[in-house]
Student: 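One structure coming up, written as structure tokens, with questions to follow.
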Amino acid sequence: MNLPMAPTQAAPKDLGPEEIRALTAEVKALAAERNAVILAHNYQLPEVQDAADYVGDSLGLSRKAAETDAEVIAFCGVHFMAETASVLSPDKTVLIPDLDAGCSLADSITPEELQAWQAKHPGAVTVMYVNTTAEIKALTDYCVTSSNAVKVVEHILREHGADTPILFGPDMWLGSFVEKELGITMHVWDGECHVHAGIRPDDITGLRAEHPGADFLIHPECGCVTQVMEYVASGDIDPEGVHMLSTGGMLDYARQHEADEGTVIMATETGMLHQLRMAAPALDFQPANRAATCRYMKMITLPKLRDCLRDLSGEVKVDPAIAERARVPIERMVAIG
Ligand code: 13P
Ligand code: SF4
């Protein structure tokens with residue numbers, strides 16, 4: 001299966017408040033008519049997040065997709081996320097408002113490459129981030145998300161033995177974070193997300209100087225993770241103020257600091273700011289890198305969501321044999337937590 005990619009679409013036109021109100025009303029009416037649930041990732045445009053029934057991180061969205069009673073899932077996120085929803089709910093109609101919303105990280109490993117890697121390491125356990133195609137998941141033993149990667153690898157070492165070789169992919173920054181957290185060595189694929197890898201150690205150094213004492217919320221896909229862990233290890237940054245979190249974990253942080261004031265540095269895609277600012281309005285959330293925008297996530301717009309609900313277009317279907325095998329590592333992950 002080839003993941004469709006169209007990286008050079010024109011940027012979506014900004015909608016005015018009236019257009020947003022009218023389109024949201026249309027979207028809600030169509031969703032009710034279609035018995036559809038609208039799921040949106042934390043990186044979606046604010047107006048798309050506001051129109052959704054549930055906004056969350058990859059793990060939360062997988063859970064919602066698995067438990068919904070709705071007949072249709074309108075997935076506002078990228079293609080691999082909609083595929084995961086379809087794998088978990090094969091009897092539902094899963095729609096994505098733009099089939100070209102891909103992911104550079106998911107594209108960084110092909111099934112042939114994974115099979116060749118596995119052939120070189122017989123007996124190794126294959127662990128793949130959910131940011132992969134269904135075909136990759138079908139060759140995988142355990143999936144992980146950014147919120148549970150450490151926990152899943154710990155589980156594997158407990159169940160399969162502390163010396164078990166692990167093939168971890170495709171995100172090298174997440175892999176290296178897991179290695180450091182657990183003090184282990186894995187075979188780590190050298191893929192990366194262009195958005196997160198672009199958040200560099202210099203971004204953190206500059207913001208530390210500008211906002212001394214600020215807390216850091218850092219997504220483990222970021223290119224600055226190793227640097228920040230080194231700052232913490234050398235005592236340069238107070239470990240209390242550094243939080244390596246999934247996007248859902250960042251939102252939990254904001255909810256726990258609902259009434260606080262001060263500056264918090266956030267290292268992830270900038271769409272995250274919308275939920276964070278709503279959850280803790282008095283905190284000043286500063287993006288570590290203002291250019292950290294995922295063009296694939298931003299391909300989903302309210303007019304496209306309205307059209308896909310109206311026309312039942314943009315259906316994402318996974319070959320049943322692949323889906324059956326791909327369900328195994330996802331369900332293992334969801335069971336571990
Ligand atoms: P979360 O799992 O933290 O939501 O991150 C997913 C991601 O990077 C999607 O691009
Ligand atoms: Fe993929 Fe990176 Fe975009 Fe997430 S932010 S969807 S990992 S390209």
Side-chain angles (χ1 to χ4, degrees), residues 3-9 39-45 48-49 52 54-65 75-85 96-109 128-133 136 143-152 169-175 177-178 189 191-199 217-225 243-254 266-276 287-300 330 333-334 337:
L3 184 70
M5 301 287 287
T8 50
Q9 279 198 355
L39 305 183
H41 189 266
N42 287 316
Y43 300 159
Q44 289 290 293
L45 291 167
V48 173
Q49 296 189 27
Y54 178 82
V55 182
D57 66 3
S58 302
L59 184 61
L61 294 172
S62 301
R63 289 211 168 103
K64 286 282 166 194
F75 207 108
C76 300
V78 291
H79 194 272
F80 76 81
M81 295 182 174
E83 261 192 352
T84 305
I96 186 166
D98 190 329
L99 277 164
D100 288 333
C103 167
S104 59
L105 178 56
D107 271 354
S108 70
I109 188 163
M128 285 283 141
Y129 197 22
V130 283
N131 297 36
T132 45
T133 61
I136 291 290
C143 277
V144 297
T145 69
S146 53
S147 62
N148 61 19
V150 172
K151 207 165 159 187
V152 172
D171 190 77
M172 62 177 182
W173 302 104
L174 181 64
F177 169 68
V178 172
W189 193 253
E192 59 181 24
C193 152
H194 69 290
V195 180
H196 286 91
I199 303 178
L217 310 183
I218 298 177
H219 196 282
E221 276 178 34
C222 289
C224 62
V225 164
H243 308 271
M244 300 284 179
L245 297 168
S246 69
T247 60
M250 290 184 186
L251 197 50
D252 290 342
Y253 170 99
M266 178 221 72
T268 193
E269 210 270 357
T270 52
M272 189 67 225
L273 290 166
H274 183 56
Q275 293 295 323
L276 291 176
N289 183 328
R290 285 175 202 283
T293 303
C294 175
R295 61 180 184 261
Y296 304 110
M297 286 281 179
K298 275 28 180 194
M299 286 163 89
I300 309 299
I330 305 173
M333 167 188 82
V334 171

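Since we're looking at a predicted model, the values are computed, not measured. Ligands are counted one by one from 1 in listed order, and the atoms in each one are counted from 1 as well. Residues: numbered from 1 along the sequence shown.
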Student: Roughly how far, to the nearest 0.5 Å, is NE2 of His219 from CE of Met250?
Tutor: 6.0 Å

Student: Provide the number and element of each atom of ligand 1 under 4.0 Å from a heavy atom of Asp57.
Tutor: 1 (P), 4 (O)

Student: Does an N or O from Ser246, backbone or side chain, lie closer than 3.5 Å to an N or O of ligand 1?
Tutor: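 There is no such contact.
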
Student: Tell me whether His41 reaches ligand 2 (any heavy atom closer than 4.0 angstrom to a ligand atom).
Tutor: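 No, that is not the case, since the closest heavy atom of the residue is not under 4.0 Å from the ligand.
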
Student: Where the side chain of Asn289 meets the backbone of Gly198, is there a donor-acceptor pair that is under 3.5 Å apart?
Tutor: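 Indeed, once roles are kept as given, a pair shorter than 3.5 Å links the two residues.
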
Student: Is it the case that Asp57 and Thr247 place a side-chain donor and acceptor less than 3.5 Å from each other?
Tutor: no

Student: Grab the two heavy atoms, one from Leu105 and one from Cys193, that are nearest each other, plus how far apart they are.
Tutor: CD1-N, 3.9 Å

Student: Is the backbone N or O of Gly175 less than 3.5 Å from a side-chain atom of Trp189, with the two atoms forming a donor-acceptor pair by type?
Tutor: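 Checking the backbone N and O of Gly175 against the side chain of Trp189, no donor-acceptor pair under 3.5 Å is found.
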
Student: May I ask you to identify the nearest protein heavy atom to atom 7 (S) of ligand 2, giving residue, atom name and distance to one decimal place in Å?
Tutor: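 I find the closest protein heavy atom is Asn131 ND2, 3.2 Å.
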
Student: Using a 4.0 Å cutoff against the non-hydrogen atoms of Thr247, which atoms of ligand 1 qualify?
Tutor: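 The atoms of ligand 1 under 4.0 Å from a heavy atom of Thr247 are 1 (P), 3 (O), 4 (O).
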
Student: How many angstroms lie between CD in Glu221 and OG in Ser146, if you round to the nearest 0.5 Å?
Tutor: 6.5 Å

Student: Give yes if a backbone or side-chain nitrogen or oxygen of Thr145 is under 3.5 Å from a nitrogen or oxygen of ligand 1, and no if not.
Tutor: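 No, there is no polar N/O contact under 3.5 Å.
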
Student: List the closest protein heavy-atom neighbour of atom 1 (Fe) of ligand 2: residue, atom name, distance to the nearest 0.1 Å.
Tutor: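 Going by distance alone, atom 1 (Fe) of ligand 2 is nearest to Cys103 SG, 2.4 Å.
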
Student: Examine the proximity of ligand 1 to Glu221 and report which part, side chain or backbone, both or neither, has a heavy atom under 4.0 Å away.
Tutor: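 It is the side chain that gets close, since no backbone atom is under 4.0 Å.
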
Student: Out of Met250, Met81, Glu269, indicate the one that has the non-hydrogen atom closest to atom 9 (C) of ligand 1.
Tutor: Met81

Student: With rounding to the nearest 0.5 angstrom, report the CG to CG distance, Asn148 to Leu59.
Tutor: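 Between atom CG of Asn148 and atom CG of Leu59 there are 5.5 Å.
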
Student: Any salt bridge between Glu269 and Arg295, counting N to O under 4.0 Å?
Tutor: no

Student: Taking both backbone and side-chain atoms into account, decide whether Cys193 has an N/O/S atom under 2.8 Å from atom 2 (Fe) of ligand 2.
Tutor: yes

Student: Could you tell me the separation between the OG1 atom of Thr268 and the CG atom of Leu276, rounded to the nearest 0.5 Å?
Tutor: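 The CG atom of Leu276 is 9.5 Å from OG1 of Thr268, to the nearest 0.5 Å.
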
Student: From the options Gln44, His274, His41, Gln275, select the one residue that forms a side chain to side chain donor-acceptor pair (under 3.5 Å) with Gln49.
Tutor: Gln275

Student: Contact between Glu221 and ligand 2, counting heavy atoms under 4.0 Å?
Tutor: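 Contact present.
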
Student: Can you figure out which of Ser104, Ala106, Ser146 has its heavy atom closest to atom 8 (S) of ligand 2?
Tutor: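 Selected option, by shortest heavy-atom distance: Ser104.
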
Student: At the 4.0 Å heavy-atom cut-off, does Asn42 count as touching ligand 1?
Tutor: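 For ligand 1, residue contact (heavy atoms, under 4.0 Å) with Asn42 is absent.
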
Student: How far is atom 5 (O) of ligand 1 from its nearest protein heavy atom, and which residue and atom name does that atom have?
Tutor: His219 NE2, 3.2 Å

Student: Tell me the contacting part of Met272 for ligand 1: side chain, backbone, both, or neither, using a 4.0 Å heavy-atom threshold, strictly below.
Tutor: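 Near ligand 1, Met272 shows nothing, with every heavy atom at 4.0 Å or more.
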
Student: Give me the nearest non-hydrogen protein atom to atom 2 (O) of ligand 1 as residue plus atom name, then the distance to 0.1 Å.
Tutor: Ser58 OG, 2.9 Å

Student: Measuring from atom CG of Leu61 to atom CE of Met81, what distance do you get when rounded to the nearest 0.5 angstrom?
Tutor: 6.5 Å

Student: For ligand 2, which atoms sit closer than 4.0 Å to a heavy atom of His194?
Tutor: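 So the answer, numbered in order with elements, is 8 (S).
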
Student: Answer yes or no as to whether an N/O/S atom of Cys294 is found below 2.8 Å from atom 3 (Fe) of ligand 2.
Tutor: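 A backbone or side-chain N, O or S atom of Cys294 is under 2.8 Å from atom 3 (Fe) of ligand 2.
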
Student: Does ligand 1 have a heavy atom under 4.0 Å from the side chain of Leu59, from its backbone, from both, or from neither?
Tutor: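 No part of Leu59 comes within reach of ligand 1.
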
Student: Which residue holds the protein heavy atom closest to atom 10 (O) of ligand 1, what is that atom called, and what is the gap in Å?
Tutor: Tyr43 CE1, 3.4 Å

Student: Rounded to the nearest 0.5 Å, how far does OG of Ser108 lie from CD1 of Ile136?
Tutor: 9.0 Å

Student: Over 60° means perpendicular and under 30° means parallel, so classify the ring planes of Tyr43 and His196, tilted if in between.
Tutor: tilted

Student: Distance under 4.0 Å to a non-hydrogen atom of Asn131: what atoms of ligand 1 satisfy this?
Tutor: 7 (C), 8 (O), 9 (C), 10 (O)

